[in-house]
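Below is one structure, written out as structure tokens; the observations come after it.
Atoms considered below: every heavy atom in the structure, side chains included; atoms not considered: hydrogens, waters and symmetry mates. Being a predicted model, the structure only gives us computed values, none of them experimental. Protein chains get the first letters and strands the later ones, always in sequence-line order, with residue 1 at the start of each.
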There are 2 protein chains.
Amino acid sequence: MDGMTQSQPNGPQLARLAALLADETRASFCLALLDGRAWTAGELARLAGVAASTASEHLSRLVAGGLLAEERQGRHRYVRLAGPQVAQLIEDLSGHAAPPPAPRTLRAAGAGEAMARARTCYDHLAGRLGTAITDAMLERGLLEGTTGFALTEAGVDWFGRLGVDLASAPRGRRPMARSCLDWTERRPHLAGVAGAALCRHALDAGWCVRIGTQRALRVSEEGRRALSGLLGVRTADL
Amino acid sequence: MDGMTQSQPNGPQLARLAALLADETRASFCLALLDGRAWTAGELARLAGVAASTASEHLSRLVAGGLLAEERQGRHRYVRLAGPQVAQLIEDLSGHAAPPPAPRTLRAAGAGEAMARARTCYDHLAGRLGTAITDAMLERGLLEGTTGFALTEAGVDWFGRLGVDLASAPRGRRPMARSCLDWTERRPHLAGVAGAALCRHALDAGWCVRIGTQRALRVSEEGRRALSGLLGVRTADL
DNA sequence: CCGGTGGTTCGGCCCCGGCCGAACCGTCGG
DNA sequence: CCGACGGTTCGGCCGGGGCCGAACCACCGG
């Protein structure tokens, strides 16, 4: 009876992964990268308020740990999340973390309000917009919610009428529909291949436009009409 | 333009949560507790090979962080995962961690083989047994897998015929059906309320019995007949 | 060719936190 | 009432790692 009978997914491996996110600076990097875009090392350093050298070391660790993918261009080091699985990991984790404290400044409160209205969550829609769309799809039977989380046949057709062929959408082991906990609404919104396709369509069709450099979104007049007509979503408060 | 424009789910919160799992000893505690049962502080200390005092401190941190629930009984301190959300968190995280290295000893290899055949994963079935059942349910249309992960009407009926009324099963915000990545098979198996109900039924009906003190399971003769008849699952290699 | 700038490497500082053993406390059993 | 035992608290040790600034390298622009 040795005392070291390992539980299978070795503790060390789990600890090594968690340690990557256990630092405040690295965590803030990953949260920033949740916007799905590639950032330069300098941008992230300024965001977190650390020296460039410090950021550089953190990025190397995150890349070595497989969480980030890097791409060197000239004298810039661009870095982004390594893939949807990583985005999901960060989302899941922050969904279980304690709710954020109230914003300090008026500016921050304003920015927070914009994010709460509508934003991207890696590659799908979130905020009140995201949950409102998800709710409407559940209500209209495009999405099944009581026995799990899956697109219905009607849902697949609905995407088809939008001009989005989900069958031909690129998917590896990624689920078609997935529930992602919204950290402002504290309720689920649509993620996965379908969520990403919907977000892409919304941006391509001009339903939403990005606000400044953040991942917050503004719903266009065209978008309001489309959402109202297609899903009956009231966008008055967005 | 302050450099500290926070991403919303405050980095610090995420880091604090991750830090709880970023220690090898604490990680091994959590993985052990994935069997869904309550362990005493001493058992966990011996498992991880640390002094009782060290284990005590780790447990206090995990409890304070909300990952573990404790229950004092006489001179014992029993501790278990705080709930299914926590179990899911650990599962998700270890699903993304690097695969475990090959076992060192023959004993360990044997125990690993037993775990790979059939085991519990917090409160549902896993291992080859778990994935075989899930595959069969997908094949028979009891479970929807191509557009998400949800129980079909036929699936709800199937549970009803087993004598399991899912509508009356206790569920808070917990999803009815959820996909959980199996770390031996590297494929999904059924979790969530339905997965837990199935596991409970399998144990109650004597389809499976626990092997020793581990979370490995043995499929009984009765269980083989039931699984073969109900789902066409071949249990020859289990 | 020569600044300006983004990124990296290195050395050094310092603190956090994981570990232990010893002392202590409470419960259980005789 | 007393020993045995599980658990906790405290002090002290020590290593890891996060941070910075300085020096350095590479690319880009004029």
Using whole Å, what does the distance between atom [atom2] of nucleotide [N] and atom [atom1] of [X] come to?
| X | N | atom1 | atom2 | value |
| --- | --- | --- | --- | --- |
| B/Asp23 | C/dC16 | CG | C1' | 13 Å |
| A/Phe29 | C/dG7 | CZ | P | 11 Å |
| B/Leu62 | C/dG18 | CG | P | 10 Å |
| A/Glu71 | C/dG7 | CD | P | 14 Å |
| A/Leu21 | D/dG17 | CG | C1' | 16 Å |
| B/Arg46 | D/dG6 | CZ | C1' | 10 Å |
| A/Leu44 | C/dG6 | CG | P | 14 Å |
| A/Tyr78 | C/dT8 | OH | P | 13 Å |

Counting only side-chain nitrogens and oxygens, does [X] get under 4.0 Å of the OP1 or OP2 atom of [N]?
| X | N | value |
| --- | --- | --- |
| A/Thr54 | D/dC19 | no |
| B/His76 | D/dC5 | no |
| A/Arg77 | C/dT8 | yes |
| B/Arg16 | C/dC16 | no |
| A/Arg75 | D/dG29 | no |
| B/Arg72 | C/dT27 | no |
| A/Arg61 | D/dG18 | yes |

key: Geometric cation-pi criterion, A/Arg119 with A/Trp183: 6.0 Å, 45°   =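 Yes - A/Arg119 lies over the ring of A/Trp183, closer than 6.0 Å to its centre and within 45° of its axis.
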remark   = Of D/dC20, C/dC20, D/dC28, the nucleotide closest to the side chain of A/Glu57 is D/dC20
query = The side chain of A/His58 lies closest to which of these nucleotides: C/dT8, D/dC19, D/dC20?
reply =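 So the side chain of A/His58 is nearest to D/dC19.
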query = Under 4.0 angstrom, heavy atoms only, what part of the nucleic acid is A/Thr25 near: base, sugar-phosphate, or nothing?
reply = sugar-phosphate
inquiry  = Considering every strand and a 4.0 Å limit on heavy-atom distances, what is the contact class for B/Thr40: base, sugar-phosphate, or nothing?
reply    = sugar-phosphate
ask   = Can A/Ile90 and A/Leu21 be said to form a side-chain contact (heavy atoms from CB on, under 4.5 Å), step by step?
value = CA-CA 9 Å; A/Ile90 316 272; A/Leu21 298 170; 4.0 Å; yes
request  = Spell out, as yes or no, whether a donor-acceptor pair under 3.5 Å connects the side chain of A/Thr54 to the backbone of A/Val50.
outcome  =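 Such a contact is absent between A/Thr54 side chain and A/Val50 backbone.
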Donor-acceptor pair present, B/Ser53 side chain and C/dG21 base, under 3.5 Å =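 Result: at least one qualifying N/O pair found.
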task = Decide yes or no on side-chain contact (heavy atoms from CB on, under 4.5 Å) for B/Val219 and B/Trp207, but give the supporting numbers first.
result = CA-CA 6 Å; B/Val219 182; B/Trp207 292 359; 5.8 Å; no
From B/Arg178, B/His124, B/Arg128, residue fulfilling side chain to side chain donor-acceptor pair (under 3.5 Å) relative to B/His189 = B/His124
ask   = Stepwise, does the side-chain hydrogen bond (donor to acceptor under 3.5 Å, both in side chains) test hold for A/Ser60 with A/Arg77?
value = CA-CA 11 Å; A/Ser60 295; A/Arg77 179 195 207 176; 3.3 Å; yes
inquiry  = Both B/Val50 and A/Leu59 contact DNA chain C. Taking the nearest nucleotide for each, which residue is further toward the 5' end?
reply    =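 Closest to the 5' end, via its nearest nucleotide, is A/Leu59.
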